[in-house]
Amino acid sequence: MPLITLNDGKQIKYEKPVTGDKIAKDISLSLFKKSLAIKVNEELKDLGSTISRDSKIQIITIDDKDAIELLRHDSAHTMAMAVQELFPGTQVTIGPVIENGFYYDFARDEPFTEDDLIKIENKMKEIVEKDPTTRREVWERQKAIKHFKDIGEHFKAEIIESIPQSEEISIYFHGDWHDLCRGPHLPSLGKIGKAFKLMKVAGAYWRGDSNNQMLQRIYGTCWKNKKDLDLYLERLEEAEKRDHRKIGKTMDLFHFQEESPGAVFWHKKGWNLFQSLISFIRNTQLKAGYQEVNTPEILDRSLWEKSGHWEKFKDYMYTTETPDERTFAIKPMNCPGHCQIYNQGLKSYKDLPIKISEFGKVHRYEPSGSLHGLMRVRGFTQDDAHIFCTEDQVTEESVKVTKLILDIYKAFGFNDVILKYADRPKIRVGDDNVWDKSEKALLEAIKASGIKYEINKGEGAFYGPKIEFVLRDAIGRDWQCGTLQIDLNLPNRLNSTYIDTNGEKKIPVMLHRAMLGSIERFVGILIEHYSGKLPLWLSPIQVGVLTISSEQNDYGKEIIKLLAKNQIRSIIDDRNEKINYKIREHSLSKLPILLICGAKEAKDKTVTIRRLGSEKQEIMKLTKIADILSKEIQMPSVVSK
RNA sequence: GCCCCUGUAGCUCAAUUGGUAGAGCAACUGAUUUGUAAUCAGUAGGUUCGUGGUUCGAUUCCGCGCGGGGGCACCA
């Protein structure tokens with residue numbers, strides 16, 4: 001005799017088991033018409049499911065947070081239905097809900113074309129219009145396997161075989177069409193509404209394994225109403241406008257070319273930006289007790305064998321044979337080099353921690369399909385550092401690194417950061433008690449930061465646990481940049497030691513850390529974050545002096561000389577063009593400060609300032625300008641305690 | 001690496017059933033000396049990514065290679 005408690009506290013007593021739709025109807029007919037599903041004791045279920053025990057329930061309508069997932073899941077089914085109607089013989093596999101939408105993976109020999117997508121979307125609209133009702137059945141496992149094999153759905157049969165025995169095999173019917181599915185689903189497909197759109201076709205491996213067959217994945221998006229759909233599409237457009245590849249071209253920062261895929265040609269403005277970042281990091285970490293070094297680009301194969309990288313990554317390393325028949329690898333990382341510097345001379349516990357940093361350029365032969373503008377390249381520069389310390393120092397050092405990284409991010413306006421913590425994997429090196437210590441140290445560092453974090457269980461490196469630093473940009477996208485890893489393995493392999501208080505040789509713990517990660521990639525992230533409108537201190541050109549007519553060209557040259565003396569990066573535009581033309585051109589190139597000088601300014605020894613994004617004009621004395629601008633262009637100062 | 005799409009002037013894009021390429025912006029030249037987001041006129045600019053093939057003829061159709069894009073897989 002179930003006693004149903006609604007989320008407003010009201011209770012309804014039923015004499016026998018009751019379905020969700022009955023409850024909704026009993027509350028009000030208008031609610032029933034809107035209802036999409038039911039939450040029973042916090043678990044989302046079909047509206048038609050039966051409740052036989054006392055339960056706390058909530059009727060889910062389009063206004064509930066959970067509704068959108070149902071809509072997207074049903075959209076995936078509708079798409080599969082449409083595909084199978086239009087392209088008989090296509091096998092369905094899986095079709096989950098993802099952020100902003102859904103996809104479904106299909107097995108079909110013929111590729112889907114852009115035109116097919118339109119056809120499929122139209123067919124989906126037809127299906128939604130017909131509004132087929134949903135029915136759930138539970139099948140006996142063997143019967144289900146046989147059924148799906150008989151109708152040629154071999155992937156589905158394989159999925160059923162892998163479902164744990166404890167779970168039931170539920171089949172959902174939408175009208176005549178049916179699919180194996182865990183559910184829950186909407187009462188009928190008409191409830192999906194009209195705010196959906198198919199986005200793109202892509203390849204995807206069956207079960208995410210590159211050894212398996214490649215399937216065709218169709219991505220779609222679905223929202224609760226047209227307005228939300230339009231907002232989403234606008235957001236995509238906005239992201240496209242910010243694309244660093246596009247902005248990088250228009251701002252003349254860098255380019256790529258065929259002869260070196262995945263390698264950046266930095267133009268003078270891009271390189272200036274790049275160097276500003278390095279200066280900032282250099283200043284900040286020198287204050288935090290790091291020593292900067294530089295190690296060889298090319299090192300003998302034997303060192304990589306010793307470090308273990310050869311065995312694991314040799315297919316992704318660039319190598320070179322020299323005339324004396326030696327094999328060298330172009331460094332894919334800096335740590336073995338840093339161990340060599342550490343190893344020079346005997347170290348005492350009193351010397352630790354030793355923090356070795358390098359803006360090391362590394363090369364990795366990344367898979368061709370993974371290359372993506374500055375975000376994934378084959379040659380990149382890390383703001384890398386390795387901290388050699390005793391086991392007792394690990395916690396303190398981890399806390400310091402975490403704090404330093406978060407402070408650095410704040411300087412760019414990245415205040416929304418999350419941490420991902422990955423602990424010991426199944427296959428690993430090192431004693432469990434050292435793992436215990438390392439994991440504890442990292443967790444303490446995370447807790448000390450007060451930042452929210454996620455745990456990636458068993459995802460740590462084979463040599464130690466790690467934290468990854470993920471920042472959220474101005475339009476809400478997440479980028480993984482920094483990393484802090486505890487390494488219990490490499491110092492041992494490369495014979496790094498120190499003498500402890502008892503005069504015994506010990507192996508130090510090594511912390512790997514990068515803050516921006518790849519500088520190349522970070523430049524890309526910044527371009528997209530700021531949409532090209534870089535803060536003054538990062539702008540390759542900070543000030544443009546624009547003359548109104550050629551009469552003021554000498555005065556303009558006087559100004560840029562003054563600015564250069566004060567290390568303000570400036571250019572003069574003394575072309576014979578209208579002021580409107582010059583302003584437009586430099587505004588489009590995202591030049592932050594324009595100093596306009598005409599006859600009036602030249603006479604009064606002033607300039608008129610116009611800042612990017614504002615039409616306000618401000619007149620300033622030439623005697624003050626250097627002072628004011630020098631202050632404004634200062635890079636942020638981070639003192640991390 | 002795998003699947004699909006794609007590659008035309010410095011940039012953004014055109015070129016009807018296959019008939020050896022065209023526009024805007026930029027560049028260059030000249031005129032204009034200009035007051036807060038495009039002054040006017042003229043000139044020049046291309047082995048249509050490379051390479052084979054089909055064809056009387058290929059930017060267009062086909063094969064291969066390379067690059068780029070969207071995903072998947074990978075990411076020390």
Side chain of A/E258 (C-beta onward), nearest among B/A76, B/G7, B/A38
B/G7

A/T608 side chain: which of B/U39, B/G35, B/C72 is closest?
B/G35

Is A/G208 touching bases, backbone alone, or none of the nucleic acid, heavy atoms closer than 4.0 Å?
sugar-phosphate

Does the ring of A/Y581 lie flat against the base of B/A38, closer than 5.5 Å centre to centre with planes under 30°?
no

Quick check on RNA chain B: between A/Y205 and A/K249, whose nearest nucleotide comes earlier from the 5' end?
A/Y205

Under 4.0 Å, counting only non-hydrogen atoms across every strand here, what does A/E577 touch: a base, just sugar-phosphate, or nothing?
base

I'd like the P distance from B/C72 over to B/U51, given in whole Å.
35 Å

Output the single nucleotide from B/G35, B/G70, B/C74 whose closest atom is nearest the side chain of A/K600.
B/G35

Can you identify which nucleotide, out of B/C3, B/G68, B/A38, has its nearest atom closest to the A/N580 side chain?
B/A38

Of all the nucleotides listed (B/G69, B/A73, B/G35), which has the minimum atom distance to the side chain of A/S370?
B/A73

B/A41 -> Watson-Crick or G-U wobble partner, both distances under 3.5 Å, gives B/U29

Report which part of the nucleic acid A/H512 touches: base, sugar-phosphate, or nothing (heavy-atom distance under 4.0 Å, all strands).
nothing

Sticking with atom P, work out how far B/C4 lies from B/G63, rounded to a whole angstrom.
12 Å

Look at the side chain of A/R610 and the base of B/A37, then say whether one donor and one acceptor between them are separated by less than 3.5 Å.
yes

Counting only Watson-Crick or G-U wobble pairs whose two distances fall under 3.5 Å, which nucleotide matches B/U47?
none

Using a heavy-atom cut-off of under 4.0 Å over every strand shown, decide if A/A204 touches base, sugar-phosphate, or nothing.
sugar-phosphate

Using 30° and 60° as the class limits, which term best fits the ring planes of A/Y342 and A/F388: parallel, tilted or perpendicular?
parallel

Under 30°, 30 to 60°, or over 60°: which ring-plane class applies to A/H255 and A/F265, parallel, tilted or perpendicular?
parallel

Nearest-nucleotide pick for A/E601, side chain only, options being B/A37, B/U36, B/C66
B/U36

Against the side chain of A/M333, the closest entry in B/A76, B/G35, B/C74 is B/A76

When you measure from the side chain of A/P111, which nucleotide among B/C4, B/G71, B/U12 comes out closest?
B/C4

Within the structure shown, what part of the strands sits under 4.0 Å from A/R611 by heavy-atom distance: base, sugar-phosphate, or nothing?
nothing

If I pick the C1' atom on B/G52 and the same atom on B/U16, what distance separates them, to the nearest angstrom?
29 Å

Is it true that A/F102 and A/Y104 have ring centroids separated by less than 6.0 Å?
no

Say we look at B/G35 and B/C11: how far apart would their P atoms be, to the nearest angstrom?
35 Å

Say whether A/Q84 and A/T90, considering side chains only, have a donor N or O and an acceptor N or O under 3.5 Å apart.
no

Rounded distance in Å between the C1' positions of B/U54 and B/C62
7 Å

Residue A/S368, side-chain heavy atoms: nucleotide from B/G69, B/G1, B/C2 that is nearest
B/G1

So, does A/D423 use its side chain to make a donor-acceptor pair with the main chain of A/P465 at under 3.5 Å?
no

Over all strands shown, is A/K312 touching base, sugar-phosphate only, or nothing at heavy-atom distances under 4.0 angstrom?
nothing

Here the gap from A/I298 atom CD1 to A/H363 atom NE2, rounded to the nearest 0.5 Å, amounts to 9.5 Å

Any donor-acceptor pair, under 3.5 Å, between the side chain of A/R376 and the base of B/C74, if you only look at N and O atoms?
yes

Cation-aromatic face contact A/R428/A/Y463, 6.0 Å, 45 degrees:
no

Any base atoms under 4.0 Å from A/F256, or only sugar-phosphate, or nothing? Heavy atoms, all strands.
nothing

Roughly how far apart, to the nearest Å, are B/G22 and B/U48 at atom C1'?
12 Å

First encountered from the 5' end of RNA chain B, between A/R378 and A/T113:
A/R378

Using a heavy-atom cut-off of 4.0 Å across all strands, would you classify A/L588 as base, sugar-phosphate, or nothing?
base

Looking only at atom C1', what distance separates B/U59 and B/C25, rounded to whole Å?
23 Å

What is the distance from CD of A/E259 to P of B/C49, rounded to the nearest Å?
15 Å

When we call it a touch if two heavy atoms are under 4.0 Å apart, what does A/I579 touch: a base, just sugar-phosphate, or nothing?
sugar-phosphate

So which nucleotide does B/C72 pair with, by the Watson-Crick or G-U wobble rule with both distances under 3.5 Å?
B/G1

Within 45° cone and under 6.0 Å: A/R108 NZ/CZ vs A/F87 ring:
yes

Re B/U59: Watson-Crick or G-U wobble partner, both distances kept under 3.5 Å, found to be none

Side chain A/R217 and base B/C3 donor-acceptor under 3.5 Å:
no

What nucleic acid atoms does A/P332 come within less than 4.0 Å of, heavy atoms only: base, sugar-phosphate, or nothing?
base

Base, sugar-phosphate alone, or nothing: which one does A/S549 contact when heavy atoms must sit under 4.0 Å apart?
base

Is the shortest heavy-atom distance from the side chain of A/K605 to the side chain of A/Y555 under 4.5 Å?
yes

Considering only B/C11, B/C74, B/C72, which nucleotide approaches the side chain of A/Y219 most closely?
B/C72

Pick base, sugar-phosphate or nothing for A/A461, based on heavy-atom distances below 4.0 Å to the nucleic acid.
nothing

Could you give the distance separating B/A15 and B/A73 at their C1' atoms, to the nearest angstrom?
40 Å

Please state whether the base of B/G71 and the side chain of A/Y103 form at least one donor-acceptor pair under 3.5 Å?
no

What does A/Y463 touch in the nucleic acid at a heavy-atom separation under 4.0 angstrom: a base, only the sugar-phosphate, or nothing?
sugar-phosphate

